[in-house]
Each structure stands twice: as C-alpha cells, then as structure tokens.
Amino acid sequence: ITICDSELPFTYGDSVFVVAGDYDVYFTTINACDSVVKLSLYVNPTYEYYDTLTVCDSELPFTYGDSVFAVAGNYDVHFTTINACDSVVKLSLYVNPTYEYYDTLTICDSELPFTYGDSIFVTAGGYDVYFTAISGCDSLVKLSLYVNPTYEYYDTLTICDSELPLNYGDSVLTEAGDYTIVYISEFGCDSTVFLSLSTIEIPTSPVGIYGETTILTVGTYMYYVDPVEGATSYAWTVSNLNWTGSSTTDTLMVYIPDAGTAT
C-alpha cells in the first residue's frame with residue numbers, strides 16, 4: 001500500500017502504523033485460524049511551502065495555480081504532487097494600488113513641444129500619461145492640454161520727427177529704427193510686434209518759392225513750393241496787405257491790384 005504522509009497514522013485491520021515499513025498484520029479467519037498479511041507500507045511526502053507575492057491592483061483578479069484571488073490576503077493553495085498527494089502553499093498576497101488622476105493645463109503655443117513626465121506633446125488634446133509609482137505599479141494621468149495662440153505682427157510707421165518720443169504700447173521710442181515690441185495677450189501669452197519706424201523732418205520754410213517776381217500788370221498770380229512728404233498743411237503769408245491770397249496747400253493764388261512790393 002502507498003499512502004500520503006497526511007494519512008498517517010494509518011489503520012490496517014486492527015493495527016495502526018505511523019511510518020512506512022514492512023509489517024506482519026495478523027487476522028483471525030472465520031475458522032478461528034490466524035492468518036498473516038505481510039504488509040509493505042510506502043509513504044509519499046506532502047509539502048508545505050510559504051510564498052509571498054506583491055502585485056498591482058490592475059493585475060487583479062490574480063491567478064495562482066488553479067486558484068483566483070480578487071483581494072489581498074493569506075491563502076492556502078492546494079496542489080497535487082506527481083504521487084497524488086496534496087501539498088499546500090501558504091500564500092501571502094499583497095496588493096499595491098494604482099492611481100488615476102485628472103490634470104488640466106493651459107500653455108502658450110510658444111511652449112510647444114511640451115514635456116509632461118517622460119511624454120512630449122506638440123499639439124493640444126487629451127492624453128493618457130503613464131507613470132510608475134514607487135511601488136512599481138503603473139499610474140495614469142488623464143491630461144487635458146489646451147494651447148493658446150501667440151501672435152506675430154509686422155508694422156511700419158512714418159511720423160514727423162516732432163512727434164518723437166513716440167508711445168507704442170508700453171514702449172517709448174525716441175528715434176527711428178527697427179524694434180521688437182512684446183505684448184501679453186488676453187490669454188497671458190507673449191505676442192510680438194516687429195516695428196519699422198521712420199521719421200520725416202518737415203522744414204519750417206521751403207527751399208524755394210516758384211512764381212513771377214516782376215509783375216507788370218494787375219492780375220492773379222500763382223506761387224508754389226515743392227511738396228513736402230508728410231506735410232498735411234501749408235501756411236502762407238503775404239506782407240503787402242493790399243495783395244490778397246490764402247491757401248493751406250502747396251500752391252497760393254495772389255491777386256495783385258496795384259504797384260508795390262511784398263515778401
């Protein structure tokens with residue numbers, strides 16, 4: 001007979017055995033005669049192991065042998081050996097948590113590409129970002145990434161030099177030149193204006209006045225100057241009060257009714 005050690009002590013007839021061995025077991029037949037059974041008793045071992053495992057809760061339910069566990073705990077897991085004897089594993093199962101977070105970020109497009117953990121993003125969108133916790137379990141961040149625009153403008157201005165210094169945004173410009181002016185948009189993002197500023201020096205008097213300087217007859221005569229770039233009006237004066245004419249353009253018509261001189 002072959003048994004498992006978990007079946008010891010083993011009863012055979014009116015005998016009890018606690019170890020493997022060869023035994024003579026006496027019986028009395030119905031005729032009152034003794035009979036002997038020469039018994040060879042074999043004992044196969046069973047085993048008891050201890051095992052400790054740590055898993056992440058994302059690995060639940062967890063399969064161990066033919067057992068399935070849904071929570072942490074201490075379990076007896078039974079196996080059958082090749083000798084058909086039950087063996088037991090005393091399992092201590094620990095479960096570490098995983099995490100799921102939600103994060104919302106708003107950035108400027110000048111901050112792209114954007115690094116979050118070990119991930120790099122080049123556009124706005126919804127992303128799953130995986131981290132590994134100190135316990136070795138994956139954790140998930142559901143990231144909503146918003147991207148606000150920045151702007152880049154080019155502006156060209158021509159002003160009179162008498163308008164200097166010029167206030168442009170929060171900058172004060174004292175001379176002509178090319179400037180880079182940074183603004184903060186309503187979303188808090190930097191925007192840039194590339195300004196090309198030119199200035200014009202407007203003369204207080206013309207280089208020359210064109211027209212008749214010797215008048216022989218009464219009449220109306222035209223005088224004019226070269227147009228000045230950037231000038232919006234002209235101021236004429238005639239020193240002889242009898243000679244009349246007024247204009248705010250680059251041309252003046254003067255009526256000369258009598259003899260005399262004038263500047």
Side-chain angles (χ1 to χ4, degrees), residues 104-116 120-126 144-263:
T104 300
L105 287 179
T106 300
I107 64 173
C108 302
D109 60 7
S110 57
E111 298 177 77
L112 294 175
F114 180 72
T115 300
Y116 191 96
I120 297 176
F121 306 109
V122 296
T123 59
S144 295
L145 180 64
Y146 298 93
V147 179
N148 285 326
T150 57
Y151 300 95
E152 193 172 275
Y153 295 107
Y154 291 85
D155 195 6
T156 299
L157 285 180
T158 300
I159 63 172
C160 302
D161 56 3
S162 59
E163 297 179 78
L164 292 175
L166 174 70
N167 292 317
Y168 193 98
D170 56 1
S171 299
V172 178
L173 311 178
T174 59
E175 60 183 359
D178 294 322
Y179 296 93
T180 300
I181 300 174
V182 179
Y183 288 88
I184 303 297
S185 72
E186 60 179 332
F187 305 114
C189 297
D190 285 345
S191 293
T192 303
V193 175
F194 295 97
L195 173 65
S196 180
L197 177 64
S198 302
T199 59
I200 298 173
E201 181 180 356
I202 296 182
T204 56
S205 61
V207 175
I209 299 175
Y210 308 101
E212 294 292 337
T213 57
T214 302
I215 306 302
L216 300 178
T217 60
V218 172
T220 300
Y221 295 87
M222 182 177 70
Y223 298 90
Y224 64 93
V225 297
D226 292 323
V228 176
E229 181 185 0
T232 57
S233 65
Y234 298 79
W236 295 86
T237 60
V238 182
S239 64
N240 189 325
L241 298 180
N242 293 324
W243 299 4
T244 58
S246 64
S247 174
T248 57
T249 71
D250 56 1
T251 300
L252 173 68
M253 305 301 293
V254 179
Y255 176 65
I256 300 177
D258 52 21
T261 61
T263 300

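Please read these numbers as outputs of a predicted model, since none were measured by experiment. Along the sequence shown, residues are numbered consecutively beginning with 1.
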task: Take the angle between the ring planes of Phe121 and Tyr116 and call it parallel below 30°, perpendicular above 60°, tilted in between.
output: tilted

- line: So OG of Ser196 and CG of Asp155: to nearest 0.5 Å the spacing works out to 9.0 Å

task: Assess whether side chain to side chain contact (heavy atoms under 4.5 Å, CB included) is satisfied between Leu157 and Leu166, documenting all intermediate values.
output: CA-CA 11 Å; Leu157 285 180; Leu166 174 70; 4.2 Å; yes

task: Would you sort out whether Ile107 and Leu112 count as a side chain to side chain contact (heavy atoms under 4.5 Å, CB included), showing the intermediate values?
output: CA-CA 8 Å; Ile107 64 173; Leu112 294 175; 3.7 Å; yes

query: Would you say the side chains of Asp109 and Thr150 form a donor-acceptor pair under 3.5 Å?
result: yes

- line: Between the CG atom in Leu173 and the OH atom in Tyr168, the distance rounded to the nearest 0.5 Å is 9.0 Å

field: Residue pair Asn148, Tyr146: steps toward the side chain to side chain contact (heavy atoms under 4.5 Å, CB included) verdict
entry: CA-CA 7 Å; Asn148 285 326; Tyr146 298 93; 5.7 Å; no

query: Distance from Asn242 atom CG to Tyr255 atom OH, nearest 0.5 Å?
result: 11.0 Å

field: Atom of Cys108, atom of Gly188 and distance for their closest heavy-atom approach
entry: SG-O, 4.0 Å

task: Would you give the length of the straight line joining atom CG of Asn167 to atom CD of Glu163, rounded to the nearest 0.5 angstrom?
output: 11.5 Å

- request: Assess the side chains of Thr251 and Thr249: does a donor N or O sit below 3.5 Å from an acceptor N or O?
  value: no

message: Quick check for you: to the nearest 0.5 Å, what is the distance between Leu216 atom CG and Ile256 atom CD1?
response: 10.5 Å

Test side chain to side chain donor-acceptor pair (under 3.5 Å) applied to Trp236 - qualifying residues, sequence neighbours left out: none

Under 3.5 Å donor-acceptor pairs involving side-chain atoms of residues 219-228, not counting sequence neighbours:
unit_1 : atom_1 : unit_2 : atom_2 : d
Tyr221 : OH     : Thr217 : O      : 2.7
Tyr221 : OH     : Thr217 : OG1    : 3.2
Tyr223 : OH     : Glu212 : O      : 2.7
Asp226 : OD2    : Tyr210 : OH     : 3.1

- prompt: Is the closest side-chain heavy-atom distance between Leu252 and Val238 below 4.5 Å?
  reply: yes

message: Surrounding OH of Tyr179 (heavy atoms of other residues, nucleotides or ligands, distance under 6.0 Å), is the total greater than 12?
response: yes

query: Do the ring planes of Tyr153 and Tyr151 sit parallel (below 30°), tilted (30 to 60°) or perpendicular (above 60°)?
result: parallel

message: Working to the nearest 0.5 angstrom, can you tell me the gap between Ser246 OG and Met253 CE?
response: 12.0 Å

field: Exceeds 12 heavy-atom contacts within 6.0 angstrom, atom CD of Glu152
entry: yes

query: If you look at every heavy atom in Ala176 and Ser198, which pair is closest and at what distance?
result: CB-CA, 4.1 Å

query: Between Phe194 and Thr192, is any pair of side-chain heavy atoms under 4.5 Å apart?
result: yes

Taking every non-hydrogen atom, the tightest pair across Val147 and Thr123: CG2-C, 4.4 Å

field: Which atom of Pro149 lies closest to which atom of Cys189, heavy atoms considered
entry: O-CB, 3.7 Å

task: Would you check if the side chain of Trp243 reaches a backbone N or O of Asp258 as a donor-acceptor pair within less than 3.5 Å?
output: yes

message: Per the disulfide (SG to SG under 2.5 Å) rule, what does the pair list look like for residues 197-263, sequence neighbours excluded?
response: none

- request: Report the C-alpha separation of Leu164 and Thr174 in whole Å, then their side-chain angles, then the decisive distance to 0.1 Å, and conclude whether the side chain to side chain contact (heavy atoms under 4.5 Å, CB included) test is met.
  value: CA-CA 6 Å; Leu164 292 175; Thr174 59; 5.9 Å; no

